[in-house]
Every structure is written in structure tokens, then in C-alpha cells.
Amino acid sequence: MSRQGIKHWLDRFVDRLLATGKKRFVISGGMAISGPIHIGKLRGEVIYPSGIARALRRAGKEVRHIVVVYTQDPLKAKERLVPRSFINEWSGVRILDVPDPWGCHENWVEHFFEPYMKHYEEYGITATPIMTHEIYKDRRMVETVRFFIKNRERAREILNRYKGGKLGPGWFPVRPLCKKCGNIRTTKILDYDGEKGLIRYMCPRCGHVGEARLSDVKLEWRAEWVALWNVLEVDVELYGKDHAAAGGSRDSCNELYRKLFGKEPPMGFPFEWVSLKVDGRSLEMSSSGGIVFTMDEWLEVGLPEVLKYWYYVMRPMSHLEFDPVHGVPHLHEEYSRAERIYFGLEEPADPDKIIDIRRAYELANDDKVPPKPPFQAPYTLLAVISQIIPSTENVDAAIEKLRQTGHLKDELEEWEVARLARLLRKAYTWVKRYAPKHYRVEIREEADPAILERIGEDGVKLLKEVETLLKDWEGRDAVKLEEELYSKIRGLGLSPKKGFRILYMAILGRGSGPKLAPLILAVGPRKIASILGRYVEVAAHGL
RNA sequence: GGGCCCGUAGCUCAGUCAGGUAGAGCAUCCGGCUCUUAACCGGAUGGUCGUGGGUUCAAAUCCCACCGGGCCCGCCA
């Protein structure tokens, strides 16, 4: 079987785009602000299009990459996200006019979109955000709205073939925005003056009767999608699996665009969603439902390129399940492996995968790969180290640890130190917030009889000696303390291995752990002494 | 009714598009430091690849049917 012509899935799609012979492309993605912007949302609407945009530019094409932000949408939050009373009060109102439930921003849109604006550059996203409430003011959009209203019977006919005749006669493809209360979901059209471009409406929410211009409306969403294609001249747009079903919204929109506007719809492909594993259950991420792992939350524990690598190395229709507990270290290890493969330091199990892995690595790095393989340390190792150094800000201490463990042999360049510092803080946050118990360095407060049983009489003797040693210990010299511990162990005729095992059992409840002397100093010798003292007491007097 | 995804080691998942005879991490167990721990190194244990057919020299991979889980098609990407 020839391996020539095997390409990453994204490049195969780009080949299809290039085959059209077009010189310039507009690539669009959509961003609803129904709640927090989560990492699943980024996948098909922002990250994949970013990779496509770069690939097209590399092929010499002119590319405009935009993200359409749906600010002209009504509120449709669910109770998991905001209180029932808030929903009752604001449901159906344009989110731009809904206050921030937490009171820290101008309005609903600001509250949820600000984190995106704050972080999108860190994710390497270069797409230009475009707000729909601003597009509606655009002359071309007004003309498109007018066109839709004029051709509403034709549009109804086409859509009804997909919706089972649900749209009744007299249907209008728009909802006016209520001037008085911001309702944009349930306003009723009383009259339309095509000459003046005015819609008379009644608002059931506040009772207001008024007139709306064609810039103060929202198109029914299928019509809106098509109108945006028309106005923004979109050539490429991917679509979520909800739109992908045969006879679903994308199909009907394509037909609407062809028949009504006589244009070819954008090229694209469907992509799957990302679900979130919470307490062993897997739930689809949902902005409006408040089931989310946000862009910020990811940045607190992971490198952006790691998330991007995951998305690019997986095919778009794979359903991904994100598990903050295991997934974070796992994805970082996968990324490190890809990095080694990219730089030829390791062979993948399946040689064919090299192409996908290398390309996904490039894409994850926005086609700007590091000049040489960066220093790598296992994520979970950093998580442990981060807990036993004086502070996660102290990168030098971490570097020292990594030298001790033999992970680090060469001198680090400045950018590698910066990278390590970033990852160290993230690993620390992860271990505190999500990690399973065995990654946590947790000091036992109580004397456990089962452990006492296991360490035996010699063990108790050792604990007593070490307790005495630590009770009055002064200074921060780890090497000196280590020597003392060692001599206590030897003094009792125990092997170091066994002796340390006993101490770890008593202090951490397990047979091993971080290097002991620095750990004791970090925790405080007197605290450790009192723990050991409790064991000695229980051994002497029982419970 | 139509469409999609998943089912692979105790756990979390790669591998399916481009068929070559099962992988990784974690967990468990064993061994290795004549100044100690393992977070390192080496090794082991561990899988009817959901089930049954078919195509093929060859199937986790392609085709068909079925079982189990999740989802979409009513304004959450």
C-alpha cells in the first residue's frame, strides 16, 4: 500500500478548497454567548478554522478569518447557570440588554465575552470578532433583511420541507427588537411597511406597541445564518454536529442560500462536541446549562498548545471526553510525545501516524514550532515538585529538584525556563484542584493502628528517635538532616530502604514519597515530631 | 422516523480515515542507588479489540446485521 498522498485530515480539506481555484477566502465561525465560553466551543468554531486559515495563507491565498459573536440573541439560560428568578425576569431579552447577573460587567455579553477577549491571543487565535448587533446595522444586512421579508413565502416553502410544514401562512423571518424592554424573541408583528422599511409590533412582555427599523430585528436563525453568509461573503464555515444531521439545519440553509440567493454555500465539514467528565459521569458541555470547562480554567492547568494538539490530532467527528482529573496530565504527556516524535527523538508505534502527529504538532504551535526540542518534564512530576518547593514562583528550586532527579542535565535557555515556570504553576493548580490523592503530598494527622501494625517494634523505636531528633531541630540544612536521619536508621540496624519506608508510612500513609529531609523542613520539623509522637504514644499505651 | 459518535488491559484512552496480525499512561507487583526515598531506570502481571457473519493472503481497522451506552435532528457549537 502506497503511503504517498497520505495527509492530515485538515490538509485534505484544504486541498478541496484550493481545488476551487479561488484567490481569497473568508473563513467564519460562530460564537453564541449563551453562557461561559468553554473549550469545546473553541474546537470547531475557532481552532480548526485557524488552522485552515494558516494553511491557505501558506498556499499563497488571501484569507479573512472572522468569528461571528451572536450578541443579537435572546437570553436562553438555564437554571444551572443563573437563578430561576433571573431567567423569569430576563428570558427572551436581547443579551446585550440583559444585565450581568454577577454585577461585574456592563451586561451579559460583556461578562461572558471578556474572558475570551482576554485570552484568545494566548491561545494563538487571530480571528477578528464581529458582533451580530453591529452587523444588523450594516447597510448590506438591512438589504438582506428586506430581501428575506420580501421573499418570505418562498423561504417558508423551502424551510417547511425540512420542518414538516410547521411555519404557518403569514410567517415572518424576523423578530423586531422591542425598544422598551429589549425583548427579541416573542414580539408580534402587526404590520409591515416595505416602502419605509418599518415593522409595527406589539411586545407581549411589556405591552409596548411600536415601530422597528430593519436594523433593529433578529432574523429567524436559519435565515440569519444564510444572511450572514451573504453579507460577510463566507467561503468556509464548519458546523457542529447538531446542524449536521441529514435534513438538518445545514442542509436546509444550503438550499435556502442556493435557491434564494443563487449562491453556493460555504464549504465545510461537521465536528463533534466535547463532553466533560464530572464525578465519573460524562456530560455534554453546555454554555446555557452551565456545564463547562472554560478557556480560563484550561489555562490555569494546561498549556494552550496542548489543547490545540488534542483537537488537531483527533479527527473532527470524534467525540472527545475531557476529564480534568486524568485528562490534563494525559494530554500533556501525549503532547510531549508528539514533540519528541516531531524532533525525531522517538518513533511512534505506527509509522503512518508520523504524518498526523507531526502536522498536528505544527498546527498546535500555530506553525511556529520551537527552534529545538524544549526541555520536557512529566506533568505529574512537576505537580509533585510544585508542592515541595517553597513557592511555585521559585523556578530555581524546581530546576534544582529536576537536576537532582536527573531529568535535567543541560543548561536551560531563557524561553525554556519561562515555559517551565508556566507549567509549574499550572501543575500546582491542577494538583490542588483536580488531582487524585496519590499525587498530593498530604501529611497524616492521626496515628493509624494498621500502619503501626505494619511498621512493627523496630519501627516504633525509629519513630521515637526521629521524634526526639526533630523536636529541637533548628536550621534549614537538608543535607545535614538527611545525614542525621540516615545515622538514626543505621543506628537501629535497619536498612535505609526499610527505615525510610517506615517514616513515609507514618508521615504520608504510604511507603514512598518526595525526598524526605526537604519535605520535613518544608512542613516543619516540630509538626512532624508531633505526628511521630502520637504513634509512639499509641504504641506504648494503646488507643 | 433520519443522522452521528462510542464500546480495545483494573482505570483513562490511542490505534479505525490510508487493512499487515494489539499500544501508551496510570494502578498493581518485582528488581536496581555501598549517603536514603522514587518522582528515575529495568522487568512482570494484565485484553474473547461489544456480538455474529462477510470480503481478503491478511480485519480492532472495510462491508452487513445485531447488542449495549451517549448524542443530534424542536434557536446550546
Side-chain angles (χ1 to χ4, degrees), chain A residues 1-7 9 12 29-32 34-35 37-38 40-46 70 73-74 76-78 162-164 166 185 218 220-222 224-225 238-252 270-275 277 282-289 291 313-315 317-321 323 325-327 329-331 333-334 337 348-350 352-353 355-356 377-378 380-385 388 401-402 404-407 436 438-439 479 482-483 485-487 489-490 495-501 503-504 511-517 519:
Chain A
M1 182 61 65
S2 165
R3 294 284 174 263
Q4 304 304 311
I6 294 177
K7 284 189 171 182
W9 58 261
R12 289 206 301 270
M31 187 66 68
S34 43
I37 295 170
H38 55 78
K41 226 168 195 161
L42 294 181
R43 183 186 186 185
E45 299 292 356
V46 183
Y70 290 93
D73 275 22
K76 42 203 163 181
K78 294 174 190 162
Y162 292 92
K163 299 183 82 166
K166 257 193 217 158
R185 195 178 61 188
K218 173 177 164 54
E220 190 267 350
W221 81 268
R222 288 173 206 244
E224 182 175 71
W225 205 5
L238 315 187
Y239 44 102
K241 66 115 162 273
D242 53 336
H243 302 304
S249 57
R250 182 68 175 222
D251 277 359
S252 53
F271 58 89
E272 253 287 356
W273 296 354
V274 181
S275 58
K277 194 141 192 180
S282 176
L283 303 165
E284 293 279 5
M285 282 201 216
S286 157
S287 293
S288 58
I291 301 159
V313 82
M314 298 300 288
R315 281 177 294 166
M317 276 307 277
S318 298
H319 184 120
L320 303 182
E321 188 171 290
D323 175 0
V325 179
H326 302 102
H330 184 241
L331 292 174
E333 299 320 324
E334 286 294 309
R337 185 200 306 270
D350 178 357
D352 287 353
K353 286 299 286 177
I355 293 156
D356 286 344
T380 51
L381 171 60
L382 293 182
V384 173
I385 285 177
I388 58 172
K401 293 275 171 228
L402 288 164
Q404 281 171 17
T405 61
H407 281 85
H438 63 266
Y439 288 111
V479 176
E482 204 167 85
E483 277 166 8
L485 289 171
Y486 191 75
S487 80
I489 293 166
R490 288 278 164 158
S495 72
K497 186 179 177 121
K498 195 171 176 205
F500 278 97
R501 196 176 172 79
L503 291 170
Y504 279 113
S512 60
K515 204 160 171 112
L516 194 55
L519 178 68

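The basis for the numbers below is simple: all heavy atoms, side chains too, and nothing from hydrogens, waters or symmetry mates. Note on naming: letters A, B, ... go to the chains in the order of the sequence lines (proteins, then strands), and numbering restarts at 1 for each one.
- For Asp242(A), the listed nucleotide lying nearest its side chain is rC73(B); candidates were rC73(B), rA39(B), rU12(B).
- When distances run from any side-chain atom of Ile385(A) to the nucleotides rC5(B), rA39(B), rA18(B), the shortest one goes to rA39(B).
- The side chain of Arg315(A) lies closest to rU16(B), out of rU16(B), rC35(B), rC76(B).
- Using P as the reference atom, rC40(B) and rC6(B) are 32 Å apart when rounded to the nearest Å.
- Using a 4.5 Å cut-off on side-chain heavy atoms (C-beta onward), Val274(A) and Glu321(A) make no contact.
- His38(A) comes within contact range of at least one nucleobase, with a heavy-atom separation under 4.0 Å.
- Annotation: rU16(B) and rC26(B) have their P atoms spaced 23 Å apart (nearest Å).
- Taking the nucleotide of RNA chain B with the nearest heavy atom to each of Val384(A) and Gly248(A), the more 5' of the two is matched to Val384(A).
- Within 4.0 Å (heavy atoms only), Gly30(A) reaches no atom of the nucleic acid at all.
- Considering only the side chain of Ala245(A), rC73(B) comes nearest among rA24(B), rC73(B), rC5(B).
- Every residue two or more places apart in sequence or in another chain that forms a side-chain contact (heavy atoms from CB on, under 4.5 Å) with Ser487(A) is listed here: Glu484(A).
- Between Ile37(A) atom CD1 and rC76(B) atom P the separation is 17 Å, expressed in whole Å.
- Rounded to whole Å, the separation between the C1' atoms of rG43(B) and rU55(B) comes to 42 Å.
- Between Lys76(A) atom NZ and Ser34(A) atom OG the span is 6.5 Å, to the nearest 0.5 Å.
- In this structure, the side-chain contact (heavy atoms from CB on, under 4.5 Å) partners of Glu224(A), at least two apart in sequence or on a different chain, are Tyr70(A), Asp73(A), Tyr136(A), Lys218(A), Leu219(A), Leu228(A).
- Separating the OH atom in Tyr239(A) from the CZ atom in Arg250(A) is a distance of 5.5 Å, to the nearest 0.5 Å.
- Heavy atoms of Val274(A) sit under 4.0 angstrom from at least one base atom.
- In the set rA18(B), rA39(B), rU12(B), the nucleotide with an atom closest to the side chain of Arg12(A) is rA18(B).
- For Lys241(A), the side-chain hydrogen bond (donor to acceptor under 3.5 Å, both in side chains) partners two or more places apart in sequence, or in a different chain, are Glu272(A).
- As a whole-Å value, the separation of His330(A) NE2 from rA9(B) C1' is 14 Å.
- Whole-Å rounding puts the Asp251(A) CG to rC73(B) P distance at 14 Å.
- Comparing the same atom, P, in rG70(B) and in rA58(B) gives a spacing of 38 Å after rounding to whole Å.
- Counting to the nearest Å, the P atom of rC5(B) and the CG atom of Leu320(A) are 13 Å from each other.
- The listed nucleotides are rA24(B), rC72(B), rC5(B); the one nearest the side chain of Arg337(A) is rA24(B).
- Rounded to a whole angstrom, the distance from the P atom of rA22(B) to that of rG46(B) is 16 Å.
- In this structure, the CG atom of Asp356(A) is 12 Å from the P atom of rA18(B), given to the nearest Å.
- Taking the salt bridge (Lys or Arg N to Asp or Glu O under 4.0 Å) definition, one finds that Asp323(A) meets it with nothing, sequence neighbours left out.
- Distance Glu333(A) CD to rA39(B) P: 14 Å, rounded to the nearest Å.
- Of the candidate nucleotides rC40(B), rC17(B), rA39(B), rC40(B) has the atom nearest to the side chain of Pro378(A).
- Atom CE in Met285(A) sits 13.5 Å away from atom CD1 in Ile37(A) (nearest 0.5 Å).
- Note on Glu45(A): only backbone sugar-phosphate atoms sit closer than 4.0 angstrom, heavy atoms only; bases stay farther off.
- Across all strands shown, Glu334(A) has no heavy atoms under 4.0 Å from either base or sugar-phosphate atoms.
- Taking the six-membered ring for Trp and the full ring otherwise, the centers of His38(A) and Trp273(A) sit at least 6.0 Å from each other.
- Between the C1' atoms of rG50(B) and rG7(B), the separation comes to 6 Å (whole Å).
- Where Tyr486(A) and His319(A) each meet RNA chain B at their nearest nucleotide, the meeting point lying more 5' is that of His319(A).
- With both ends at atom P, the span from rC66(B) to rG1(B) equals 11 Å, rounded to whole Å.
- Between the P atom of rC72(B) and the CG atom of Leu238(A) lies a distance of 20 Å, rounded to the nearest Å.
- In the set rC13(B), rC73(B), rC4(B), the nucleotide with an atom closest to the side chain of Arg222(A) is rC73(B).
- Take Arg222(A) and apply the side-chain contact (heavy atoms from CB on, under 4.5 Å) test, not counting sequence neighbours, and it matches Leu159(A), Lys163(A), Glu220(A), Ser249(A), Ser252(A), Cys253(A).
- Rounded to whole angstrom, the span from the CE atom of Met314(A) across to the P atom of rC5(B) amounts to 13 Å.
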> Dot-bracket, RNA chain B: Watson-Crick or G-U, under 3.5 angstrom, [ ] crossing, | other strand?
Replying inline: (((((((..((((......[..)))).(((((.......))))).....(((((..]....))))))))))))....
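- The listed nucleotides are rC75(B), rC71(B), rC73(B); the one nearest the side chain of Trp221(A) is rC75(B).
- Distance noted for atom C1' between rU8(B) and rU51(B): 15 Å (whole Å).
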